[in-house]
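Here the structure comes first, spelled out in structure tokens, and everything after it is commentary.
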Protein chains: 2
Amino acid sequence: MLIVFCGILNFVEQTFRQLCADHGIAMTHQRQVLYEVMQGMEGHPSPEEVYARVKKKVPAISLATVYKNIHLFVESGVFRKMSVHHGSVRVEMNSKEHHHMVCSRCKSITDIGEKELGLSPARRKLADGFLVERYAVDVIGLCAKCQQT
Amino acid sequence: MLIVFCGILNFVEQTFRQLCADHGIAMTHQRQVLYEVMQGMEGHPSPEEVYARVKKKVPAISLATVYKNIHLFVESGVFRKMSVHHGSVRVEMNSKEHHHMVCSRCKSITDIGEKELGLSPARRKLADGFLVERYAVDVIGLCAKCQQT
DNA sequence: CAAAAGACGATAAGCATTATCGTTTGATAA
DNA sequence: TTATCAAACGATAATGCTTATCGTCTTTTG
Ligand SMILES: [Mn+2]
Ligand SMILES: [Mn+2]
Ligand SMILES: [Zn+2]
Ligand SMILES: [Zn+2]
């Protein structure tokens, strides 16, 4: 029984070890727990929410470690960000109907018209040589709960 | 000449007074300068960038006032936000291709498949009674500059 | 013009995030 | 296995962005 249990644990660890190898990152205990906890979370948790859950399994873990590893996971392609984070709020003065090109590296924001965009992910190059990685379509509106008030 | 100049100033002020009336907000000097400065800015400035410019015209203005009025402008519909601000970074564990419904009030984020979304702004109601206000399509990728490195 | 309501400026406080640094751990080779 | 060393960790200070508070000043309204 104990042997079987250890065998399962070992298999899980081997799996994560492989995943780390595939993504070119080192394997640590904290990293493994973090990965498993995140994998098991619904929705789009914030670093604090992830931290709260991981602390239950590794009470000594630091919030800084959670941040560091979330970034590592995102940069190495294990997970990805829901959207590009701009740090501060950005205001729109252009009242024309338009969308945006957002650089995933420098986070620059450039307007792009609906026609130029086309909305078919076939186009891989856009105005000014912008290289498309993906489209992030956010549907903005009111959820059912917020409509009631 | 002076009369003509004052006439122009008065006309500009009257215009802004009208805009305030239209949007149901009070008219103040700081608000007017802020509006004119923002109107004249390119791109998607941060509150700090707006503050830096306004300070040149109204040196005594406070950063808090800039924030308060940017919010006021956004809430009263004079300007709008480039995207919904989530405060903290959100991570995506769902590896399926999908988009998001983001509530403009409570900022909740819900997954939505490409098919269910349709991408034609004709649909005004979506899953769970989500009421569509607008689509925010962000094209994520690398700008020309960032591709060079 | 006077009173009331609202806006302003200064500044403290509150999150989110990053940087620093001394200690611990994991990968590698003897 | 053990020694070595780079990398990762934990604690915590620092920073950046934003909001709250509060006393003073300006608009608005009558
Ligand atoms: Mn824009
Ligand atoms: Mn999602
Ligand atoms: Zn770039
Ligand atoms: Zn809502």
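Below, chains carry the letters A, B, ... as their sequence lines are ordered, and counting in each starts from 1.
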Could you tell me the separation between the CG atom of Asn69(A) and the P atom of dT17(C), rounded to a whole number of Å? 15 Å

For atom CD1 of Ile70(A) and atom C1' of dA16(C), their distance in whole Å: 12 Å

When rounded to the nearest 0.5 angstrom, what distance separates CE in Met93(A) from CZ in Phe73(B)? 10.5 Å

Would you say the side chain of Arg105(A) lies within less than 4.5 Å of the side chain of Lys145(B), judging by non-hydrogen atoms? no

Whether the Asp111(B) and His99(B) side chains hold a donor-acceptor pair (N or O, under 3.5 Å, no angle test) is what I'd like checked. no

Residue-phosphate contact under 4.0 Å: Tyr67(B) side-chain N/O, dT18(D) OP1/OP2: yes

If I take atom OH in residue Tyr51(A) and atom P in nucleotide dT12(D), what distance separates them, rounded to the nearest angstrom? 11 Å

To the nearest angstrom, the CD-C1' distance between Gln32(B) and dT26(D) comes to 15 Å

Which nucleotide in the set dT17(C), dT12(D), dA20(D) lies at the smallest distance from any side-chain heavy atom of His85(A)? dT17(C)

Side chain of Leu63(A): nearest nucleotide among dA27(C), dG10(D), dT17(C)? dT17(C)

d(CD, Glu48(A); P, dT17(C)) in whole Å: 8 Å

Under 4.0 Å between a side-chain N or O of Gln30(A) and OP1 or OP2 of dT25(C)? no

Can you see if the side chain of Thr28(B) gets near the phosphate of dG6(C) - specifically, an N or O under 4.0 Å from OP1 or OP2? no

Hey, is the side chain of Arg31(B) poking within less than 4.0 Å of OP1 or OP2 on dC8(C), counting only N and O atoms? yes

Taken to the nearest whole Å, CD1/Ile61(B) to C1'/dG9(C) is 10 Å

Check every atom of dC8(C), dT17(C), dG10(D) against the side chain of Thr65(B) and return the nucleotide holding the closest atom. dC8(C)

Would you indicate, yes or no, if dT19(D) has its OP1 or OP2 atom less than 4.0 angstrom from a side-chain nitrogen or oxygen of His71(B)? yes

Return the 5'-most residue of the pair Ser62(B), Val89(B) with respect to DNA chain C, ranking by each residue's nearest nucleotide. Ser62(B)

Out of dG9(C), dA16(C), dA27(C), which nucleotide sits closest to the side chain of Arg17(A)? dA27(C)

For Leu34(B) and dG9(C), what is the distance between atoms CG and P respectively, to the nearest whole Å? 11 Å

Could you check whether His100(A) and Glu92(A), counting side-chain N and O atoms only, form a donor-acceptor pair closer than 3.5 Å? yes

Assert: residue with more 5' nearest nucleotide on DNA chain D, out of His29(B) and Ser46(B), is Ser46(B)

Given that Ile25(A) and Lys68(B) both sit by DNA chain D, which one's nearest nucleotide is further toward the 5' end? Ile25(A)

Rounded to whole angstrom units, what separation is found between the NZ atom of Lys107(A) and the C1' atom of dC17(D)? 16 Å

Would Glu133(A) and Ser104(A) count as having a side-chain donor-acceptor pair, cut-off 3.5 Å? yes

